[in-house]
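Structure, as structure tokens:
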Protein chains: 2
Amino acid sequence: MDVEIAGIAKKPERKQQQRSIITQQKLLDAAIQAFSENGFKGTSTRDIADRAGVHHPLITYHFKNKEQLWRAATDRIFREFNIALVKAMAEIPDEEPKARAEIFVRTYLQYSRNQPALHRIILHEANYPSERLDWLVENHLKPLFDEVHKSLVGMQQIGVVPAGSAALLFNMIRVCAGGLVALKLELKQTSGIDLDSDEQIAELADLIIRVFFPGEQPKPA
Amino acid sequence: MDVEIAGIAKKPERKQQQRSIITQQKLLDAAIQAFSENGFKGTSTRDIADRAGVHHPLITYHFKNKEQLWRAATDRIFREFNIALVKAMAEIPDEEPKARAEIFVRTYLQYSRNQPALHRIILHEANYPSERLDWLVENHLKPLFDEVHKSLVGMQQIGVVPAGSAALLFNMIRVCAGGLVALKLELKQTSGIDLDSDEQIAELADLIIRVFFPGEQPKPA
DNA sequence: AATACAATTTTCCAGATTGGACTAGATCGT
DNA sequence: ACGATCTAGTCCAATCTGGAAAATTGTATT
């Protein structure tokens, strides 16, 4: 009855988890919240367990250790975002790059609003070198950058995006969306901006598009 | 022999500090570094003392506690930045708002490059509500915002800055400068951008100005 | 230049919190 | 009802914070 895959004898694998899925989910949610507030070093496993409402040794059981939990939590955020992005982008044909850019900005902003951890966790890890940062770059950041960078260069050639380093422009756009959302608590107090409101998010999206994509989409010949 | 000021009997006050100034300076430098890396919660006073190369109870002696040390360190960053900003702005007359905006962007970028803590500490504190955030907003962020916001509105009226919420625009500009610098470790790995180099900083400044201040300064009548 | 005393530093401690290990028992899929 | 999976509860060594107490240093007065 043993399952054999790739020629290696696997363990019986007869049972599955049931309630544990809920526990893992609760732990992941709590971990995302905690890590995005206080960073990896600033977060204790007990804090995460408390937020999740479970006993803290369960972290060891389900995720081996704090490092692996961080990785699982981060993975979930980026995976979800990617799914949302791919789904949104699928609706716009390649022939309309400006419309695609708009949908990208709006999707990123929308997702960030609901999950500010997307940008906050990057910010935490960018504060000093670590293996976590390397992992983040290789597995999630670089792939996204490469793709968007390419399309940005294309849009510069047709005059939709201002000239200049496309790498810098990509990151400027990124922080104008995610970076502002990460600061939303401060923005509310300092500038009276409420990025939890749909209207202001839409206004920010419009502004980003107006500023960074000022050119008109050329008509096909 | 006691000194009397304001009618209240003061303590003798006969002695001054000498070497302690060095200790305080070392502690402040170390604190800025540590807090900007790991945030308030994520930083231990022992870590700060170790970085400073002094014994940790000296923090209690000189700054009372971790909270006060954070406040002193933050104060120093913003004070220094303000001095640099005022000095730079003093060279440009009020009649040339676009030139003033340029100098503002370049100064902010320059200072952030040498002291990324300026933006990083704000980001840490904006992750969840705290008295530290309130203090930061009231003492340093709000005053700066109010002033720049006003001049931004003026520049919109003469067509130098795109229309739209000036509050949003201010913060977009701010994160394009400080926010990118805060991410510089990641940017190097993901995008091949080195914000430690003078050239790339200048390139970023140019780009920010081109994107956010596209209009020409109108000639005086 | 000797002394006294405040300013500063060092040494040490108590109580709390950290990440992680371990075992016994409850629970769930089969 | 069996046995693997999951949870509760306990424990530990390391590290944390905030202080107290002792030792040292520098300065001002005599």
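Proteins come first, then strands; the chains are lettered A, B, ... in the order of their sequence lines, and each starts at number 1.
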Practice problem: May I ask you to decide if the ring planes of B:H124 and A:H124 are parallel, tilted or perpendicular, using 30° and 60° as cut-offs? | Solution: tilted
| said: OP1 or OP2 of C:dT9 versus the side-chain N and O atoms of B:H55: is any pair under 4.0 Å? | reply: no
**OP:** Look at the rings of B:Y111 and B:F81 and say which category their plane angle falls in: under 30° parallel, 30 to 60° tilted, over 60° perpendicular.
**Re:** tilted
note: B:I21, atom CD1; C:dT8, atom C1'; distance rounded to Å ~ 13 Å
- Measure the acute angle between the ring planes of A:F104 and A:F170, then classify it against the limits of 30° and 60° as parallel, tilted or perpendicular. tilted
What residues 61-75 of chain A contributes to the DNA chain C interface at heavy-atom separation below 4.0 Å is A:N65, A:K66
Exercise. Looking only at atom types and distance, does a side-chain atom of A:S20 sit under 3.5 Å from a main-chain N or O of A:T23, one as donor and one as acceptor?
Worked result: no
Here the residues of residues 39-50 of chain A within 4.0 Å heavy-atom distance, strictly under, of DNA chain C are A:T43, A:S44, A:T45, A:R46
Side chains of residues 54-64 of chain B: which donor-acceptor partners sit under 3.5 Å, not counting sequence neighbours?
unit_1 : atom_1 : unit_2 : atom_2 : d
B:H62  : ND1    : B:Q24  : NE2    : 3.1

To the nearest angstrom, the CD1-C1' distance between A:I59 and D:dT7 comes to 14 Å
B:L58 atom CG is separated from C:dT9 atom P, nearest whole Å, by 5 Å
Check ion pair B:K142-A:E186 (N to O, under 4.0 angstrom): no
May I ask you to decide whether A:K184 forms a salt bridge with A:D194, counting only side-chain N to carboxylate O separations under 4.0 Å?
-> no
Can you confirm if the NZ or CZ of A:R174 lies within 45° of the ring axis of A:Y108 and under 6.0 Å from the centre of its six-membered ring? no
* Using a cut-off of less than 4.0 Å, is there contact between a side-chain N or O of B:S20 and OP1 or OP2 of C:dA7? -> no
Self-check item: Donor/acceptor link under 3.5 angstrom from A:H56 side chain onto base of C:dG19
Solution: no
